[in-house]
Amino acid sequence: MTRQYKAPRGTQDILPADQPWWDYVRDTAARLAREFGYAQIETPVFEEAPLFTRGVGEVTDIVQKEMYVFQDRGGTDLALRPEGTAPVCRAYLEHGMHSLPQPVRLWYITPIFRYDRPQAGRYRQHHQFGVEAIGEAGAAVDAEVIELLWRLCGELGLTGQTLHLNSIGDQNCRPAYLEMLRGYYRDKLSGVCEDCRARFERNPLRLLDCKQEICRPVIAVAPPIADHLCDECARHFADLCSYLDAAGIPFALNPRLVRGLDYYTRTVFEVQPREEGGQSSLGGGGRYDGLIEQLGGKPTPGIGFGSGIERIVINLKRQEAPLPDARPLQVYVVVQTPAARVPAFRLASDLRRAGVSAVAGSSERSLKAQMRHADALGAVYAAILGERELAEGTVALKHLADGTQETVALAEVAERVGPA
RNA sequence: GUGGGCGUAGUGUAGCGGUUAACACGCCAGGUUGUGGCCCUGGAGAUCGUGGGUUCAAAUCCCAUCGUCCACCCCA
């Protein structure tokens with residue numbers, strides 16, 4: 001009669017079997033971020049909704065149809081975080097981080113919510129590792145941030161990924177380019193998909209990354225934005241490329257890469273895995289020199305990226321990347337006689353206190369059952385407490401892999417089984 | 001938002017008009033005297049996603065609905 005509860009559509013439980021992969025990715029990301037001089041930040045899971053509508057852009061799909069918005073009991077419009085950059089910029093402003101040494105380098109790992117139709121590698125709740133460098137306009141930070149994302153993939157053991165790079169200009173050169181692009185499209189609108197006709201009006205830059213078959217030939221000969229940057233943007237882009245070359249990071253110039261958040265300026269980039277699927281992108285980001293001002297701050301440049309942990313894990317599994325050894329359970333304490341219940345519990349407790357992982361078996365179960373259990377849990381040792389051991393203050397310590405067994409004083413178990 | 005595939009024990013599957021709904025793995029217990037892995041035996045566990053319909057008879061056919069997966073779209 002009672003209904004079966006399930007995780008809501010598009011969400012998933014990350015079960016113990018998957019945790020080693022998650023730990024691996026999280027630990028590697030955190031280590032790398034610190035190595036690059038980034039400090040961790042955590043922002044709330046929800047924010048005032050206008051932060052995103054204004055920051056990310058009213059006409060983006062994320063804002064128009066993918067945000068989880070709700071009112072709290074006080075009537076405030078809130079939104080579950082649909083992306084990571086705007087909240088960090090809000091925190092930068094709110095806490096006066098402009099008075100810290102610039103740029104302020106921050107990283108985070110956080111859940112992201114988007115009301116999307118779920119499919120492979122796409123969820124309504126997913127997790128992003130992201131990085132933001134705020135307060136520095138020079139192309140070296142762009143290269144640094146890109147290097148961090150690139151290194152993450154490499155450190156994790158992913159192979160065959162490609163870095164796509166483009167520049168989409170700034171306030172000075174983009175308007176003129178968009179006019180040129182419109183001019184180019186104007187007489188071709190009849191030969192282009194329906195979405196693109198809408199894009200022509202609303203968001204012409206997006207014409208360039210339409211995937212429809214009909215639009216491909218039109219895009220192929222469209223004027224690339226990289227050829228129409230103003231001097232400063234062109235200079236910035238050229239600098240970035242030389243920094244990347246210097247760091248030995250291979251990149252592919254992709255004139256069709258524009259990305260879907262309105263706040264991007266100049267640099268945009270994306271890392272695609274070896275095996276490309278529908279939505280494969282492992283991570284992407286770009287420069288957002290106008291965002292902080294948009295949010296009410298003084299003009300402040302910034303750059304960052306977000307990378308999807310679920311997708312990274314999917315690719316690690318697909319590529320059969322090796323995982324660092326998981327730490328096995330060290331000791332399973334076998335309760336052989338009812339009289340040993342308390343001493344067995346005590347032994348397990350003492351072991352844990354000494355930093356040795358241990359679980360106590362149940363006196364309800366037979367010796368045989370407990371031994372099986374110890375084996376099934378992958379314990380390294382079984383510590384058996386029976387009448388004899390109880391009388392002597394010892395345990396029978398059996399190494400399960402090779403079957404050897406010895407009698408050890410209770411007080412010495414920890415050091416006997418401990419690492420070394 | 002649009003299109004397609006699939007929903008049978010915890011997991012993976014078989015059955016495709018009439019069966020006590022099967023098998024494997026997993027789980028629990030036992031295989032006499034204090035010891036796991038292999039093996040053997042037994043047990044628990046499924047109103048066959050849900051609701052309608054067709055039929056003497058439905059897990060099997062039809063419809064709807066929900067869920068899920070995949071593609072478009074969008075993005076991480």
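Throughout, a chain's letter reflects where its sequence line sits, starting with A, and its residues are numbered from 1. Atom set for the values below is all heavy atoms of this structure, side chains included, hydrogens, waters and symmetry mates excluded.
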Among side-chain atoms of Arg352(A) and Ser357(A), is any donor-acceptor pair under 3.5 angstrom? no
Whole-Å distance separating the CG atom of Leu152(A) from the C1' atom of A76(B): 12 Å
Looking only at side chains, do Thr110(A) and Gln128(A) share a donor and an acceptor under 3.5 Å apart? no
Taking for each residue the nucleotide of RNA chain B bearing the nearest heavy atom, is the 5' side occupied by Asp209(A) or by His373(A)? His373(A)
Does Arg372(A) contact G31(B) through a side-chain donor or acceptor facing the base, at a distance under 3.5 Å? yes
Mapping Tyr115(A) and Tyr123(A) onto RNA chain B by nearest heavy atom, which one lands closer to the 5' end? Tyr115(A)
Does A76(B) have His126(A) stacked on its base, where the ring centres are within less than 5.5 Å and the planes differ by under 30°? yes
Length of the CD-P vector between Glu406(A) and G34(B), whole Å: 22 Å
Distance-only, no hydrogens or angles: does the Asp375(A) side chain make a donor-acceptor pair with backbone N or O of Met371(A) under 3.5 Å? no
The nucleotide from C70(B), G34(B), C75(B) with an atom nearest the side chain of Ala120(A) is C70(B)
Between the base of G37(B) and the side chain of Asp375(A), is there a donor and acceptor pair under 3.5 angstrom? no
Report yes if a donor N or O on one partner sits less than 3.5 Å from an acceptor N or O on the other, where the partners are the side chain of Gln405(A) and the base of G36(B); otherwise report no. no
Determine the Euclidean distance between corresponding C1' atoms of G10(B) and C27(B); express it in Å to zero decimal places. 8 Å
Salt-bridged, Arg90(A) to Glu48(A), with N to O below 4.0 Å? no
Counting distance alone, no hydrogens or angles: does the base of C66(B) have a donor or acceptor under 3.5 Å from a partner atom on the side chain of Arg9(A)? no
